[in-house]
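These notes are about the structure you will find just below.
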Amino acid sequence: MKPPLPRLLLIADRFTDPRRADVARRAVAAGVPWVQLRDHEVDAGTFARAAEALVPVLQAENPALLLSINTHLEVARRLGLGLHVGWRGPGVAEARQQLGPDALLGYSAHNPAAAQQAAMQGADYVLFSPVFAPISKPAVPAAGLAALAAVCQTVTIPVLALGGITPGRVPACLNQGAYGVAVVSAILEASDPERTVQQFLHSLSLQEQPQRNSHDAA
Ligand SMILES: Cc1ncc(COP(=O)(O)OP(=O)(O)O)c(N)n1
Ligand SMILES: Cc1ncsc1CCOP(=O)(O)O
């Protein structure tokens, strides 16, 4: 049986930028329990080399850190890490078949039907976005909390809310049935990343454990 997923995921978007990689390291040192390495702006070789360099740095901060790789299945397999896919990369069924039943596998969903299909094809969790307008792209329209609730009611695997997530918005997401939250800008662009991580962990700990989407949590 897979252990329960953490409720806070840092998506280290454009992690091949050394400055952003170092903020991710600081966030892990401050208590972020799960990091996804994401960079859609570099080629596969650059991604692989940067991931191979950063993973031991992050693991040195927390040997129990959960790590996922966005899109690059071979990197995930070689480093023994989880894989996260969306419309890029292999499909969920293909990824599950390639990686086997024990690998952590997630999917970026933008509606209930896509979340349900991912769950049926073997995803362990879904990220639903953008719940709020993304901090990095405020012009992108928010899907809203009602849309988050619809996804949470559709699947039994954990749903993590993504897009415009701040510590103050965590309770609203959990109240809609989200298992946890995924964050890019609020941590990577924070003036004080350590303090922001503490605020997220505090917001998550204030909530009662969700009754739905508990992913085998005891
Ligand atoms: C503003 C904004 N940025 C990024 C995404 C990512 O969604 P998607 O490409 O489906 O998923 P991943 O690459 O992160 O797996 C978005 N929806 N909106
Ligand atoms: C990677 C990604 N996926 C959906 S929205 C998004 C980026 C915006 O998230 P944030 O508002 O935390 O920067």
Side-chain angles (χ1 to χ4, degrees), residues 7-17 19-21 23-24 27 32 34-44 47 51 67-73 75-76 81-96 99 103-119 121-145 147-148 151 157-170 172-174 178 180-191 193 196-197 199-201 203-204:
R7 295 180 190 276
L8 175 62
L9 166 64
L10 169 63
I11 300 179
D13 192 28
R14 289 184 282 121
F15 76 97
T16 61
D17 175 341
R19 190 195 66 80
R20 293 171 75 86
V23 178
V32 162
W34 181 12
V35 174
Q36 178 198 119
L37 301 184
R38 179 183 194 269
D39 198 328
H40 294 315
E41 297 180 10
V42 296
D43 61 54
F47 186 105
L67 275 157
S68 302
I69 296 292
N70 190 310
T71 300
H72 295 266
L73 186 148
V75 177
L81 305 176
L83 180 70
H84 186 90
V85 296
W87 60 268
R88 301 173 184 87
V92 172
E94 166 73 10
R96 176 57 75 205
L99 294 173
L104 178 65
L105 178 58
Y107 180 76
S108 291
H110 305 292
N111 57 63
Q116 188 168 40
Q117 184 179 20
Q121 292 183 344
D124 295 304
Y125 69 92
V126 293
L127 305 183
F128 173 69
S129 70
V131 177
F132 301 99
I135 294 168
S136 51
K137 296 182 190 168
V140 174
L145 287 166
L148 171 64
V151 172
I157 59 174
V159 176
L160 282 83
L162 168 63
I165 304 298
T166 61
R169 286 171 164 171
V170 168
C173 295
L174 300 190
V181 295
V183 181
V184 182
S185 304
I187 292 176
L188 290 187
E189 306 292 345
S191 56
T196 304
V197 169
Q199 290 171 337
F200 272 111
L201 294 172
S203 292
L204 286 159

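Just so you know, ligand 1 is whichever comes first in the structure, and atom 1 is the first atom listed for that ligand.
In terms of modelled atom types and a separation under 3.5 Å, the side chain of R20 and the main chain of A12 share no donor-acceptor contact. Under a 3.5 Å cut-off, the side chain of R96 and the backbone N or O of G122 do form a donor-acceptor pair. Looking only at distances, no side-chain donor or acceptor of R7 sits under 3.5 Å from a matching main-chain atom of L160.
Residue contact annotation: G164 has a non-hydrogen atom under 4.0 Å from ligand 2.
Using cut-offs of 30° and 60° on the angle between ring planes, the pair W34 and Y125 is perpendicular.
For atom 12 (O) of ligand 2, the nearest protein heavy atom (residue, atom name, distance) is V184 N, 3.0 Å. Taking atom 8 (C) of ligand 2 as the reference point, the nearest protein heavy-atom neighbour is P134 CB, 3.4 Å. Looking only at heavy atoms of the protein, atom 13 (O) of ligand 2 is closest to S185 OG, 2.5 Å. From the protein, the heavy atom lying nearest to atom 3 (N) of ligand 2 is L162 CD2, 3.1 Å.
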Exercise. Please walk me through it: do T71 and V85 pass side chain to side chain contact (heavy atoms under 4.5 Å, CB included)?
Worked result: CA-CA 5 Å; T71 300; V85 296; 5.6 Å; no

Problem set entry | Full working for side chain to side chain contact (heavy atoms under 4.5 Å, CB included) between L9 and L127 | CA-CA 10 Å; L9 166 64; L127 305 183; 3.9 Å; yes

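Here is the list of ligand 2 atoms found below 4.0 Å of a heavy atom in R38: 1 (C). Under a 4.0 Å criterion applied to the non-hydrogen atoms of P134, ligand 1 contributes the atoms 1 (C). Near G163, meaning under 4.0 Å from one of its heavy atoms, ligand 2 places the atoms 9 (O), 11 (O). Distances below 4.0 Å separate heavy atoms of S108 from the following atoms of ligand 1: 10 (O), 11 (O), 12 (P), 14 (O), 15 (O). Atoms of ligand 1 lying under 4.0 Å from at least one heavy atom of K137, given by number and element, are 1 (C). Per-residue contacts place H84 under 4.0 angstrom from the following atoms of ligand 1 (heavy atoms of the residue considered): 15 (O).
Neither the backbone nor the side chain of I11 comes within contact range of ligand 1; no heavy atom lies under 4.0 Å.
Atom CG of N111 and atom CD of Q116 lie 10.5 Å apart (nearest 0.5 Å).
With S129, A143, S108 as candidates, the residue nearest to atom 4 (C) of ligand 2 on a non-hydrogen basis is S129. Considering each of R38, H110, H40, R88, the one bringing a non-hydrogen atom nearest atom 4 (C) of ligand 1 is R38.
The shortest non-hydrogen separation linking A186 to I135 is N-CD1, 4.0 Å. Closest approach of S108 to H84, counting heavy atoms only: OG-NE2, 2.7 Å. L10 and A24 make their closest contact through CD2-CA, 4.0 Å (heavy atoms, listed as atom of the first residue, atom of the second, distance). In plain terms, the two heavy atoms of A95 and L105 that are nearest each other are CB-CD1, 3.9 Å.
When only interatomic distances are considered, the shortest N/O to N/O separation between A186 and ligand 2 does not fall below 3.5 Å. Polar contact check, I135 against ligand 2: a nitrogen or oxygen pair lies under 3.5 Å apart.
Remark: atom 9 (O) of ligand 1 lies closer than 4.0 Å to at least one protein heavy atom.
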